[in-house]
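Every number for a ligand or one of its atoms is a count from 1 in the order of the listing.
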Amino acid sequence: MSHHRTQPPTILLDTLFSSDAPLEHLSLYSTTDDVQAPSPTVDDESRPWVTLTFAQSLDAKIAGEAGKQLILSGKESMLMTHWMRSMHDAILVGIGTALNDNPQLNTRLLPQLPADNPHRYHLPRPVVVDTHLRLRLDCKLLNNYRAGVGRRPWVMSSAPIGEAEGKTWREQRKALEDAGARVVEVGADSGGISIPSMLAVLRSLGVRSLMVEGGAGIIKSFLAAATADNVGETVDALIVTVAPTFVGREGVGYGENLLAAEVPRLRHKHTEIVGQDTVVAFRL
Ligand SMILES: NC(=O)C1=CN([C@@H]2O[C@H](COP(=O)(O)OP(=O)(O)OC[C@H]3O[C@@H](n4cnc5c(N)ncnc54)[C@H](OP(=O)(O)O)[C@@H]3O)[C@@H](O)[C@H]2O)C=CC1
Ligand SMILES: Nc1nc(O)c(N)c(N[C@@H]2O[C@H](COP(=O)(O)O)[C@@H](O)[C@H]2O)n1
């Protein structure tokens with residue numbers, strides 16, 4: 001769709017912004033005024049706006065056998081994902097994805113702006129959820145930051161209680177910080193980093209909107225945190241790209257253990273055919 005080439009797709013504008021928001025330059029911001037970058041927000045500012053998003057096959061798989069990374073999105077819907085990235089202050093992935101995919105989480109697919117355009121695309125902050133600080137020191141997120149083409153990655157982690165484990169964690173924290181990361185301590189429980197605590201901390205650090213890209217474990221946790229009982233407390237929008245392909249049962253899914261009573265209530269907002277894919281957007 002041609003308008004995807006020069007401005008954000010309608011499905012994103014409809015889902016992330018209210019109809020009275022000024023639609024010009026929604027994903028652009030002045031190089032001198034980062035703070036003014038347009039962003040979806042929640043009213044009470046207790047947490048960031050959260051968009052949960054991923055690409056899946058027809059049989060609801062997000063990766064291949066043993067987690068093999070799959071490019072499920074076609075080029076048009078991948079471009080849509082990069083527009084979406086430009087509309088959020090930060091992008092979050094779990095450490096499983098960071099280790100497996102070594103992602104960049106930037107907006108490199110967006111069309112080049114004319115040289116005389118005073119704006120540039122908003123570059124989101126990468127955030128990795130990593131209890132045990134397993135992030136590699138030579139990952140692309142840190143390499144890009146050191147090369148001046150990415151924001152400093154934030155690593156959301158939790159200091160262990162035991163002395164031996166604590167020593168390793170502190171050493172790894174120093175190594176990651178020396179490599180350029182900012183390690184942010186958050187409370188954890190048996191399910192890993194506490195999602196509500198992490199969201200509150202991110203908001204206190206200035207993150208107004210968070211795009212959660214996966215992987216499987218993170219998607220499950222955010223869906224579980226956004227159950228019917230908790231509606232409105234964790235996830236604001238769900239945007240799923242469905243690719244016209246089957247992966248098979250060896251692939252990695254995210255929904256196998258979801259209980260019907262626990263699934264969040266979805267309000268359908270928009271469905272759009274983007275290239276060969278179908279993108280479905282909901283508000284929660
Ligand atoms: N198709 C798509 O759109 C996408 C596909 N993927 C695919 O997903 C796969 C990775 O998924 P997965 O291995 O599950 O890894 P995740 O990226 O979901 O990371 C999960 C890990 O994050 C840590 N963690 C800490 N706190 C939490 C919490 N509250 N909830 C969940 N996890 C937490 C845990 O590790 P620890 O205990 O060490 O902290 C956990 O093992 C890859 O194959 C990747 O290619 C990924 C993104 C998008
Ligand atoms: N939208 C989308 N479609 C797919 O088919 C995917 N595999 C993903 N994966 C996510 O994108 C990350 C890679 O990002 P970079 O290209 O390195 O910027 C990957 O880690 C997943 O989070 N997404």
Looking only at protein heavy atoms, which one is nearest to [atom], and what is the separation?
atom	answer
atom 6 (C) of ligand 2	L70 O, 3.9 Å
atom 16 (P) of ligand 1	G215 N, 3.5 Å
atom 23 (N) of ligand 2	E213 OE1, 4.3 Å
atom 19 (C) of ligand 2	D101 OD2, 3.2 Å
atom 13 (C) of ligand 2	P103 CB, 3.7 Å
atom 30 (N) of ligand 1	S221 OG, 2.6 Å
atom 5 (O) of ligand 2	L72 N, 2.6 Å
atom 48 (C) of ligand 1	E213 O, 2.9 Å
atom 39 (O) of ligand 1	T131 OG1, 2.5 Å
atom 34 (C) of ligand 1	I95 CG2, 4.2 Å

Return the option from [options] holding the heavy atom at the smallest distance from [atom].
atom	options	answer
atom 46 (C) of ligand 1	V128, V240, T97	T97
atom 11 (O) of ligand 1	S57, A216, G96	A216
atom 18 (O) of ligand 1	V186, D101, I218	I218
atom 15 (P) of ligand 2	M78, K140, R108	R108

State, to 0.1 Å, how close [X] and [Y] come at their nearest heavy-atom pair, and which atoms those are.
X	Y	result
G180	Y145	O-CE2, 3.6 Å
S157	D130	OG-O, 2.9 Å
R136	L142	O-CD1, 3.6 Å

Just wondering, do [Y] and [X] contact through their side chains at under 4.5 Å, heavy atoms?
X	Y	result
R283	H268	no
L137	L176	yes
W169	V183	yes
V93	I218	no
P103	K140	no
E213	L92	no
S86	L110	yes
I239	T51	yes

Query - N or O pair under 3.5 Å between Q104 and ligand 2 - result: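 Yes - when backbone and side-chain N and O of Q104 are compared with those of ligand 2, one distance drops under 3.5 Å.
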Salt-bridge contact [X]-[Y] (side-chain N to carboxylate O under 4.0 Å):
X	Y	value
E256	K61	yes
R173	E185	yes
K167	E171	yes
D236	R47	yes

Answer yes or no for [atom]: protein heavy atom present at a distance under 4.0 Å?
atom	result
atom 2 (C) of ligand 2	yes
atom 9 (N) of ligand 2	no
atom 5 (C) of ligand 1	yes

Do side-chain atoms of [X] reach the backbone of [Y] as a donor and acceptor pair under 3.5 angstrom?
X	Y	result
N100	G67	yes
T97	G215	yes
R134	I95	no

Out of all atoms in ligand 2, which are within 4.0 Å of some heavy atom of [X]? Include the element for each.
X	value
I71	5 (O)
A55	2 (C), 3 (N), 4 (C), 5 (O)
T81	1 (N)
T97	20 (O), 22 (O)

[X]: numbered ligand 1 atoms lying under 4.0 Å from its heavy atoms:
X	value
H132	36 (P), 37 (O), 38 (O)
G94	16 (P), 17 (O), 19 (O)
F54	3 (O)

Short N/O distance, under 3.5 Å, between [X] and ligand 1?
X	answer
I193	yes
G217	yes
R134	yes
G191	yes
A55	yes
G67	yes
I62	yes

Query raised in the report: Going through the distances and angles, do L105 and L141 end up as a side-chain contact (heavy atoms from CB on, under 4.5 Å)?
Result: CA-CA 8 Å; L105 308 178; L141 293 176; 4.2 Å; yes
Query raised in the report: Under a heavy-atom criterion of less than 4.0 Å, does L105 contact ligand 2?
Result: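 Contact check L105 vs ligand 2: positive.
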I need the contact type for [X] against ligand 2. Using non-hydrogen atoms and a strict under-4.0 Å cut-off, is it side chain, backbone, both or neither?
X	value
S73	both
T53	neither
R85	side chain

Query raised in the report: Taking heavy atoms and a distance under 4.0 Å, where does K68 meet ligand 1: side chain, backbone, both or neither?
Result: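 No part of K68 comes within reach of ligand 1.
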Query raised in the report: When you look for heavy atoms under 4.0 Å from ligand 1, do you find them on the side chain of N100, its backbone, both, or neither?
Result: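 Within the 4.0 Å criterion, N100 contacts ligand 1 through side-chain atoms alone.
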Query raised in the report: What do the steps show when you test T234 against L199 for side-chain contact (heavy atoms from CB on, under 4.5 Å), and what is the final call?
Result: CA-CA 8 Å; T234 320; L199 292 178; 3.7 Å; yes
Report task. Mind checking the CZ-CG spacing from F54 to L238? Nearest 0.5 Å is all I need. Result ->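 Separation between the atoms: 5.5 Å.
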Query raised in the report: For E250, does the CD atom sit with more than 12 other heavy atoms under 6.0 Å from it, leaving out its own atoms?
Result: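 Check passes, neighbour count above 12.
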Query raised in the report: Is V129 in contact with ligand 1, taking contact as a heavy-atom separation below 4.0 Å?
Result: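 Within the 4.0 Å threshold, so yes.
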